[in-house]
Q: 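Below you'll find the structure I mean.
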Amino acid sequence: TALYELCWHVIQGNLKVDVAASLLADVMVNIETGCLEEKHKRDLFTQLVGACLICVPDGMLKERLDPETLESLGLIKQAQQFNQKIVKIKTKLFYKQQKFNLLREENEGYAKLITELGQDLSGNLTSHIVLENIKSLIGCFNLDPNRVLDIILEVYECRSEQDEFFIPLIKSYMCEHQTLCHMLGFKFKFHQEPNGETPSSLYHIAAALLQHNLIALEDLYVHLLPLDSSIVEEHKRAILEAKQIARKLTMVLVPSEKTEDKEKEKEKEEEKNEKPPDNQKLGLLEALLRIGDWQHAQSIMDQMPAFYATSHKAIAIALCQLLHLIVEPLYRRYGAKGGLTMPLWNKQAPRPAESFDDLSRDVFTMLCYLGPHLSHDPILFAKIVRLGKSFMKEYQSESRQDTKDKMDSLLSCFLSIADQVLLPSLSLMECNACMSEELWGFFKLFPYQYRYRLYGQWKNETYGNHPLLVKIKAQTVDRAKYIMKRLTKENVKPSGRQIGKLSHSNPTILFDYILSQIQWYDNLITPVVDSLKYLTSLNYDVLAYCIIEALANPEKEKMKHDDTTISSWLQSLASLCGAVFRKYPIELAGLLQYVTNQLKAGKSFDLLILKEVVQKMAGIEITDEMTVEQLEAMTGGEQLKAEGGYFGQIRNTKKSSQRLKDVLLDHELALPLCLLMAQQRNGVVFSEGGEKHLKLVGKLYDQCHDTLVQFGGFLASNLSTEDYIKRVPSVDVLCNQFHTPHDAAFFLSRPMYAHQILSKYDELKKAEKGNRQQQKVHKYIAACEQIMAPVHEAVVSLHLPRVWDDLRPQFYATFWSLTMYDLAVPHNAYDREVNKLKMQIKAIDENTEMPLNKKKKEKERCTALQDKLQEEEKKQLEHVQRVLHRLKLEKDNWLLAKSTKNETITKFLQLCIFPRCVFSAIDAVYCARFVELVHQQKTPNFCTLLCYDRVFSDIIYTVASCTENESRRYGRFLCCMLETVTRWHSDRAIYEKECGNYPGFLTIFRASGFDGGNKADQLDYENFRHVVHKWHYKLTKASVHCLETGEYTHIRNILIVLTKILPWYPKVLNLGQALECRVHKICQEEKEKRPDLYALAMGYSGQLKGRKVHMVPENEFHQKEQPVRSATPGTLQNGPGNTGKPAAAASAGKAEEGAVEDSGSKEKEDKEKTTKEKKEKKEKNPGSTPEAKAGGKDKQKEEKPTDSKEKTPKADKDKRKDDKKEEKSKIDGKSAEKEWSKERDVSNDSKTKEGSKVEKNAGAGSMKSLVPRSEGVESERGETALMLFA
C-alpha cells in the first residue's frame, strides 16, 4: 500500500522522482540493518537491491549502504579500499587547514578588493552587489577572509561618512561578532604607543558598529586604555590639587614663599603642557555622543567618576549638541527664534522631545550627566532655562488638580536640574549677566522657599563636589578680599563695578565674604550698600538669602560676652538689612518670615531687623529721646509727623513702604507679626528672661515693644481702611483668643476705630446734605455711637464685673480709643514747619548757583508742602472740635459713684493711665492731657486732686518695675502732669479760673454727690500750694530712696525719670540740694563700677546745677507758717513712711462716711501755737535742716545733737528692708497690668505700717531716706516739708 501511495504521489506530481528514490534508498537501509546477521537473508536482500538499481541512483546507495553490501552488488571493487578512501576525504575535509593568500602573496586580488571598496558610491551601487564581487575575489584569488574584513574596516575608516554603505556590507559579510571586536581591539592597541594618537575615524567606526549592535561594548571596552582604576586616581588627584590651590589662595604667605610657589606652579604648568596620554575611552564616548548613541555613551560614563567625562570640553560640547537636537522641536513650539538645526538621521538616536513629558525620557538624565559643564554652551543653557520658564507658566495656569499632580514630578525634575546643572554652570561662566537675568526669569516663578533651598545647596554643597568649582570658589574669595580691602566711600563706583562683575557668576561666595566683613566693620555698610547697584535681580535675591543665613548662623552668639547687650554683628546686619532692602528691589518675604519664625520660637533678638527695615523703608522712626518740638509734631497729621516728628528726614519712602506693605499682605504676615510681638513682650520676661541678665531682659523687652509700636504705626498709616479692618479682629477676640495684652490690643484696634468713624461720618454727611457746623457735629456723634457701641459691649469681657461698678465701659473704651490727635491741635508745630518752609523758599531765591529749573522744582515742592500742612491743620482743628463736643456730651455717664472716690481713681490709674502712659512717648503725653481734660470737662465723680496725689505720692514701685524706655515714658508722663500742676501753682488767677469751681478740687464728698460748688468745700489756692509742696517732697523722698538702694535698675530708672521731669522739678531749693548731694555720691560710687550709671548721674548732676537759678526757697514756694507740736504728731504730719495725703486725698479714705473736715483753719491755729517752739528747736539744732545737711557735714560732726537718738531707729531700718523685699518681688513677679494694682495695694499697706512706726518715733525720727547722712534731729524746715499744709 505504501509503495502504491509513493508511486501515486510521484505520478500526481506531489513528489519529485529524486525524493521518491531517496525514500526507497532509506527503506533499503532500514531493511539492511535486519539482514546483516543471517546469510540467506543477506543474499535475498542483495538480489532485491540489485533489482531496484534501475529505480535508485548508484551514488545514493554508495552514501547509505554498508561497503560490504556495495561490494557484493558490484558497485565498488573492494570494500577495504573504499573505507580508506572515506577516511582520507574526511581528514582533508575536517582537519586539513586551507592556506589562504596574504597581502604580499596576492597583490592583484587585494588591489582589486581595494578598488572595489574605494569606487564611487553615489550611483546605484549597493552593498549587496559589492559583497558578491568581494566573494568572487576571495574565491578567485584565494584571499584570506579575515584580511578582507580588515581591509573593509580600513577603507570604512578612510570613508567614515559612508555609514549607510559600510554598515550593511559588514553586517552581510559578518561571521562572528567576537572576530570583528578583536580586529577593532588590535587597531586600538596599535595606537596605544607612548606618543600614539588614535584617529577620530577609528572612534567613529567603533561607535557606529556599537550603535548597530555589531559588537558588544563590554567586549571592546577591555581593549581600551587607560584602565578605570587609573581614571579614578586621576580624578582624586585633580580634587586634591584643586584643594591645595584653594588653600594657598586663602593662606597668608611671606614674599620668599610666594616666589617659591610661583616657580613650582610654573613647573607644574610645563608638565601639564606636555602631551597627555591618549584616553581612548573618552574618544569613543565622544564619537558615540556625536552619532547619538546615548545608551552606550551612558554606560561608559557610568564606569567613570561623576562628571569626570564631561569635564573634558570635547565631550561636554558633544553632549550639548545632542541635547540641542533633542530639545529643538519643543523649544520651537514655545515661540523661540533662531536658526534651525538638522535632526539626527539615524533611527537609533534618542527621539526629539515634542512635549514637556518627553524631557523626562532622556533630556533630564543627559543634563544631570553634564552637570556644571553646561557652562560650555550658554545657548543651550538659555534654551533649558526658557523651557523651564514656559513649563512654570503652564504649571501655574493649570486649574485641574489631577493634571497638576502629574506635572509635580516634572516640577521636581526642573528643580533638580536647577540645583545640579544650572546654578553650578553659572558659577563656571565668566561674568555672564545675561544668563543671570535669564535664570532669574525662571527662578522668580518659584516660591522663595524653593529658591532659598536652591541657593543653600549652591552655597554649601555644590562647590565641594567638583575640582573646578573648588578652584573657582577660592579665586572668588581671593578677588573679593582684594576688592573689599580697597572699598571706600570715594571709590564706590569702580569698586561696585568689580563687585557686580564678580557677583554675576558666584554671588553666594562673594556675599558670604562681604557679610562677614560687615559683621566685623560696621563702617563698611554705607559703601557696600552704594556699591551693590550693579547687581542683577538674581544676585539681589541671593543676597537676601545670604543675609538670612548669616542671621540664623547657630555658631554665632547674639549676645555679647557680658550677656547684657546685643552683639554688634547682629546690629550691623540689621542696619544693612534696612539700607539694602530700602534701596534695591529685593523680595522681603523670606526675611519677614524668618523674623516671624523666630518670634514663634520665643526668640526676640531678631526684632532688631524688623525695626531697621520698617524705619528705613517706611520712614517711621521709634525713639524715646524725642525733643519737645518733635513730640508736639507727632501729635499732628501724617504730613506734620513726616516733616517735624523724626530725627532723620527720610525722603522718598513711598515706593519702599508700598513694597513692604504688599509683601505683608500677600504673605499674610501683618497681623501674625503684631500678635507675636505683643505676646513676646511678656515672653521676654518669663520665657527668655530666666537665664539672662536683667539689663538685657529690659533691652529685649524695650526692643520688642518699640518694634510693635513702630510696626503698628506703619500698618495704621499705610494699609487701606478695608485691608486694616479685614485683618485686625475685635478687641475682645484679640485679648481673649489671642491673649494679646490690653494695651497692645487697643493700640492695634485704635486706627480701625478712627477709620470706621470717619467712613461712617462721611457716609452720613453724604446722606443728608447739611453744611451747618451743628449738623456736622451731630452726625459725627451719631457715627461714633454706631461704631463704638459694639466696642463698649466687647470691653466688658476684658475685666471682672466689679470693675464696671466704678468705670463705665464707655469711658474705658473712649480713653483707649482716642489719641493726642483727637484732643489738641499742635498749632505751634504747624507754624514752626510752615516757617521753616518759608525760610527754605527764601534761601532758594537767594541762591544764585542753583539752576533755574531746579529752583523752580524746589520752590514748588516747598509751596506744595506748605499748603498740605495748612490744610492738614485746618482739618485737625475741625476734628478736635467735634471730638471735644462728643466728650462733653458723654462725660456725665463716664464714672459711677457706686464705690469710693479712692476706688474709682485706683481703677482709673490701674486700668487706664499706668498701662498706657508707658506704652509710647505720645501716649505718656496723652495720659497727662486726658486727666487734665477730664478735669476741665467737670466730669462728675472724678477727683482731680486725688488722682494727682496718687500719681505723685509714691513712685518707687512704679519706677522699679519699669524698663529703661518705660522709665523715659513714665518720666515724660510725670513731666506733663507736673507742668499742669506747676501752671496752677504759679498764679492764683490761673488756679481760680481752671480749678476754683471744679468738682475735681472738692475736699468734701457728700453722699448726694456734687451740690453745685459750695466755696467752703473747694481747696483754696494757698492750701493747694501746700499740697504741691508735699508732692515735691514725696518725689524727693522716693528719688533718694531709689538712689540709696544700690540696685542697678532703681538707680538707672530714677535718674532717667528725674532727667525727664527736670523742667518742673525740683523747684524748691532745699529739695534740690538734697537730690544734688545724693546724685553726687552716686557719681563717686559708680565711676569705676558701673560706667553707664555714672554717665547718667553726671549728666543729671550737670543739668541740675544749671537749673539751680530757677529754684526758690521753700517759703516762696508756699506760705510757710510754724505748726504747734502735737502730742501725736503723726496726725498732723507726713513722716518718711506716712500716707501723706492732702485734705482731698485723706478724705477719700473716709468718703463712705460722708464727709471730711476742712483742715485749713484748724491747722492755722496749731501752727501759730508752735511757732516759738520751732524757732527754739532750730537754734538748738542748726545742722538738721536739708540745707545744712547738704552743705555742713563738718559742722555736724563738731556739734552732734544731744537729742535722745543719734542713729537711725531700728524700726526705720526694718522698714527699709521690707521695702527692698517688696520692690524685688515686684520686679520678679507678675505681668505688667497686674503689677499696677498690686503695687498700689502694697504701697498703701506699707505706708500704713510705716506711719505707725513714725508715730512711735516721732520725736527722734531721722530723715536719712531724704538726706544722705545718718545723724540729725527734725528741723523746722524738714518738719514743714512733711506737713500737709503749712
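Below, each value reflects all heavy atoms present in this structure, side chains not excepted, and no hydrogens, waters or symmetry copies.
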Q: After noting the C-alpha distance and the side-chain angles of Lys383 and Glu328, does the key distance pass the salt bridge (charged side-chain N to carboxylate O under 4.0 Å, His left out) rule?
A: CA-CA 9 Å; Lys383 282 184 181 179; Glu328 192 65 26; 2.7 Å; yes
Q: Taking all atoms of both residues into account, what is the closest heavy-atom pair of Cys320 and Leu374, and its distance?
A: SG-CD1, 4.3 Å
Q: Just by distance, with hydrogens left out, do Asn506 and Tyr463 show a side-chain donor and acceptor under 3.5 Å apart?
A: yes
Q: If every non-hydrogen atom of Ser427 is compared with every non-hydrogen atom of Leu469, which pair is closest and at what distance?
A: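 That would be CB-CD2, 3.7 Å.
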Q: Any non-hydrogen side-chain atom of Leu169 less than 4.5 Å from a side-chain atom of His128?
A: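 Side-chain contact under 4.5 Å: no.
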Q: Quick check: do Leu117 and Ile134 have side-chain heavy atoms less than 4.5 Å from each other?
A: yes
Q: Check for a donor-acceptor pair, side chain of Arg386 on one end and backbone N or O of Phe381 on the other, with a separation under 3.5 Å.
A: no
Q: Heavy-atom distance under 4.5 Å between the side chains of Ser127 and Lys171, does that happen here?
A: no
Q: Should the pair Lys389-Glu438 be classified as a salt bridge under the 4.0 Å nitrogen-to-oxygen rule?
A: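 Yes.
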Q: With a 4.5 Å limit on heavy-atom distance, are the side chains of Leu121 and Gln162 in contact?
A: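 Yes, close enough: below the 4.5 Å cut-off.
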Q: Is the closest side-chain donor-acceptor distance between Arg451 and Tyr545 under 3.5 Å?
A: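 Distance-only check fails for Arg451 and Tyr545.
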Q: Classify the ring geometry of Tyr455 against Trp458: parallel below 30°, tilted from 30° to 60°, perpendicular beyond 60°.
A: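 Ring orientation of Tyr455 relative to Trp458: tilted.
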Q: Which heavy atom in Leu285 sits nearest to a heavy atom in Ala297, and how many Å separate them?
A: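 Taking every non-hydrogen atom into account, CD1-O, 3.4 Å.
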Q: Do you know which two heavy atoms are closest between Pro507 and Val542, and how far apart they sit?
A: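 Taking every non-hydrogen atom into account, CB-CG1, 3.9 Å.
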Q: Hey, which of Arg147, Lys187, Arg159 is the one that makes salt bridge (Lys or Arg N to Asp or Glu O under 4.0 Å) with Glu154?
A: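 With Glu154 as partner, Arg147, Lys187, Arg159 yield a single salt bridge (Lys or Arg N to Asp or Glu O under 4.0 Å), made by Lys187.
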Q: Do His223 and Phe188 pass the ring pair (Phe, Tyr, Trp, His ring centres under 6.0 Å) test, and can you show the C-alpha distance, the side-chain angles, and the key distance before you say yes or no?
A: CA-CA 7 Å; His223 294 286; Phe188 277 110; 8.6 Å; no
Q: Step by step, work out the side-chain hydrogen bond (donor to acceptor under 3.5 Å, both in side chains) result for Asn539 and Tyr534.
A: CA-CA 10 Å; Asn539 296 344; Tyr534 298 103; over 6 Å; no
Q: Does some side-chain heavy atom of Lys501 sit less than 4.5 Å from a side-chain heavy atom of Ile499?
A: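 With C-beta onward as the side chain, the pair stays apart.
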Q: Over 60° means perpendicular and under 30° means parallel, so tell me whether Phe166 and Tyr156 are parallel, tilted or perpendicular.
A: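 If you compare the ring of Phe166 with that of Tyr156, the planes turn out parallel.
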Q: Step by step, would you call His324 with Asp377 a side-chain hydrogen bond (donor to acceptor under 3.5 Å, both in side chains)?
A: CA-CA 10 Å; His324 271 296; Asp377 193 341; 2.7 Å; yes
Q: Does Arg290 come within less than 4.0 Å of Glu286, counting only side-chain N to carboxylate O?
A: yes
Q: Do Tyr308 and Glu234 have side chains that approach each other closer than 4.5 Å (heavy atoms only, starting at C-beta)?
A: yes
Q: Only one of Leu224, Leu202, Asp219, Leu214 clears side chain to side chain contact (heavy atoms under 4.5 Å, CB included) with Leu184; which?
A: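 Testing Leu184 for a side chain to side chain contact (heavy atoms under 4.5 Å, CB included) against Leu224, Leu202, Asp219, Leu214 leaves exactly one candidate, Leu202.
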Q: Using distance alone, with no hydrogens and no angle criterion, decide if Tyr369 and Asp302 have a side-chain donor and acceptor under 3.5 Å apart.
A: yes
Q: The test is ring pair (Phe, Tyr, Trp, His ring centres under 6.0 Å); show your working for Phe356 and Tyr334 and say whether it passes.
A: CA-CA 11 Å; Phe356 286 118; Tyr334 285 94; 5.0 Å; yes
Q: Within the 3.5 Å criterion, strictly below it, is a donor on Tyr221 or Asp228 matched to an acceptor on the partner's side chain?
A: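 Judged by distance alone, the side chains do pair up.
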Q: What's the shortest heavy-atom distance between His296 and Leu210, and which atoms?
A: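 His296 and Leu210 have their closest heavy atoms at CE1-O, 3.1 Å.
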Q: Between Ile291 and Gln211, which heavy-atom pair has the shortest distance, and what is it?
A: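 Heavy-atom minimum between the residues: CD1-OE1, 3.3 Å.
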Q: Under a 3.5 Å cutoff, is there a donor and acceptor pairing between the side chains of Asn465 and Glu461?
A: no
Q: Give a yes or no on whether the backbone of Met429 and the side-chain of Ser505 come within a donor-acceptor separation of less than 3.5 Å.
A: yes
Q: Who are the salt bridge (charged side-chain N to carboxylate O under 4.0 Å, His left out) partners of Asp512, not counting sequence neighbours?
A: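 Listed in chain order: Lys459.
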Q: Using the side-chain hydrogen bond (donor to acceptor under 3.5 Å, both in side chains) definition, which of the options Lys112, Gln119, Glu116 pairs with Asn133?
A: Glu116
Q: Quick one: are Asp419 and Phe414 in side-chain contact, heavy atoms under 4.5 Å?
A: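 No, too far: nothing below the 4.5 Å cut-off.
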